[in-house]
Amino acid sequence: MTSAAGGRPWTATADGLRLSVRLTPRGGRDAIDGIEILSDGRPVLKARVRAAPTEGEANAALIALLARELGLPRSAVTLATGATARVKLLAIAGDPTALAARLAAAGGPR
């Protein structure tokens with residue numbers, strides 16, 4: 001996977017965005033904590049959820065969190081890769097320009 005342009009963890013696709021996320025399960029709260037650059041230079045959106053990483057609960061909580069933050073139905077956010085990894089790639093369906101603007105707002109300083 002290549003890094004996104006401009007230090008953003010998302011890239012536009014024909015039907016939406018691809019988003020790289022570093023998930024922290026059992027993080028005490030459901031929240032987006034901003035953008036981070038990993039040691040290999042990849043930008044990721046940092047997120048935390050209260051759910052434990054068992055039986056896909058943390059992944060489901062991540063999908064619900066992103067859908068809520070972006071004002072989308074849960075069905076518009078799907079896990080593309082990384083079901084058992086900390087760094088995940090999600091596919092988000094919708095207008096890429098509008099989604100990128102919402103992610104930039106959600107990933108800003110808290």
Side-chain angles (χ1 to χ4, degrees):
M1 179 170 62
T2 60
S3 66
R8 299 291 184 192
W10 56 83
T11 54
T13 63
D15 58 350
L17 294 179
R18 294 285 226 195
L19 174 65
S20 294
V21 176
R22 182 181 175 275
L23 179 64
T24 302
R26 291 190 188 135
R29 59 190 167 96
D30 293 348
I32 294 175
D33 292 334
I35 296 172
E36 174 182 51
I37 305 296
L38 298 179
S39 62
D40 63 3
R42 289 183 296 161
V44 293
L45 185 73
K46 291 183 355 180
R48 65 179 62 227
V49 294
R50 288 184 292 249
T54 55
E55 298 178 17
E57 291 175 18
N59 291 336
L62 173 63
I63 288 169
L65 170 65
L66 286 172
R68 184 175 62 248
E69 287 283 335
L70 297 173
L72 299 171
R74 288 183 188 180
S75 60
V77 182
T78 56
L79 184 63
T81 63
T84 60
R86 183 169 288 243
V87 177
K88 301 167 183 310
L89 183 64
L90 291 105
I92 305 172
D95 175 45
T97 305
L99 291 172
R102 287 185 209 145
L103 276 171
R110 297 281 171 173

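Everything quoted here is computed from the prediction, not taken from an experiment. Note that the numbering runs from 1 along the sequence shown for the chain.
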* Could you list the residues that satisfy side-chain contact (heavy atoms from CB on, under 4.5 Å) with Ala60, not counting sequence neighbours? => none
* **Contacts of type side-chain hydrogen bond (donor to acceptor under 3.5 Å, both in side chains), residue Arg22, not counting sequence neighbours** => none
* Structure fact -> dist Leu103:CG -> Ile32:CD1 (nearest 0.5 Å) comes out at 7.0 Å
* Counting only heavy atoms not in Arg26, do more than 12 sit closer than 6.0 Å to its CZ atom? -> no
* Taking all heavy atoms of Pro25 and all of Ala58, pick out the closest pair and write down the distance. => CB-CB, 3.9 Å
* Beyond-backbone contact of Arg18 with Ile92, side-chain heavy atoms, under 4.5 angstrom -> no
* For Arg48, all residues meeting salt bridge (Lys or Arg N to Asp or Glu O under 4.0 Å), sequence neighbours excluded -> Asp33
* Is there side-chain contact between Pro9 and Leu19, with at least one heavy-atom pair below 4.5 Å? -> yes
* Asked: Sequence neighbours excluded, which residues qualify as side-chain contact (heavy atoms from CB on, under 4.5 Å) partners of Ala83?
  -> Asn59, Leu79
* **Close side-chain approach of Arg8 to Ile35, heavy-atom, < 4.5 Å** => yes
* To do: Quick one: which residue pairs count as a salt bridge (Lys or Arg N to Asp or Glu O under 4.0 Å) with a foot in residues 49-63, not counting sequence neighbours?
  => Asp30-Arg50
* **Considering all heavy atoms, the nearest Ala51-Ala61 contact** => CB-CB, 4.0 Å
* If every non-hydrogen atom of Thr13 is compared with every non-hydrogen atom of Pro96, which pair is closest and at what distance? -> O-CG, 3.7 Å
* Student check: side-chain heavy atoms of Leu90 and Leu62 closer than 4.5 Å -> yes
* **For the student: nearest non-hydrogen atoms of Trp10 and Ala100, plus distance** => NE1-CB, 3.5 Å
* From Lys88 atom NZ to Leu45 atom CG, the distance as rounded to the nearest 0.5 Å -> 13.5 Å
* Structure fact -> Applying side-chain contact (heavy atoms from CB on, under 4.5 Å) to Thr78 and not counting sequence neighbours gives Ala91
* To do: Applying side chain to side chain contact (heavy atoms under 4.5 Å, CB included) between Val44 and each of Leu23, Leu89, Val87, report the one that passes.
  => Val87
* Asked: Who are the side-chain contact (heavy atoms from CB on, under 4.5 Å) partners of Ala64, not counting sequence neighbours?
  -> Arg74
* pair Thr11-Leu17: side-chain heavy atoms closer than 4.5 Å -> no
* **All side-chain hydrogen bond (donor to acceptor under 3.5 Å, both in side chains) counterparts of Asp95, not counting sequence neighbours** => none
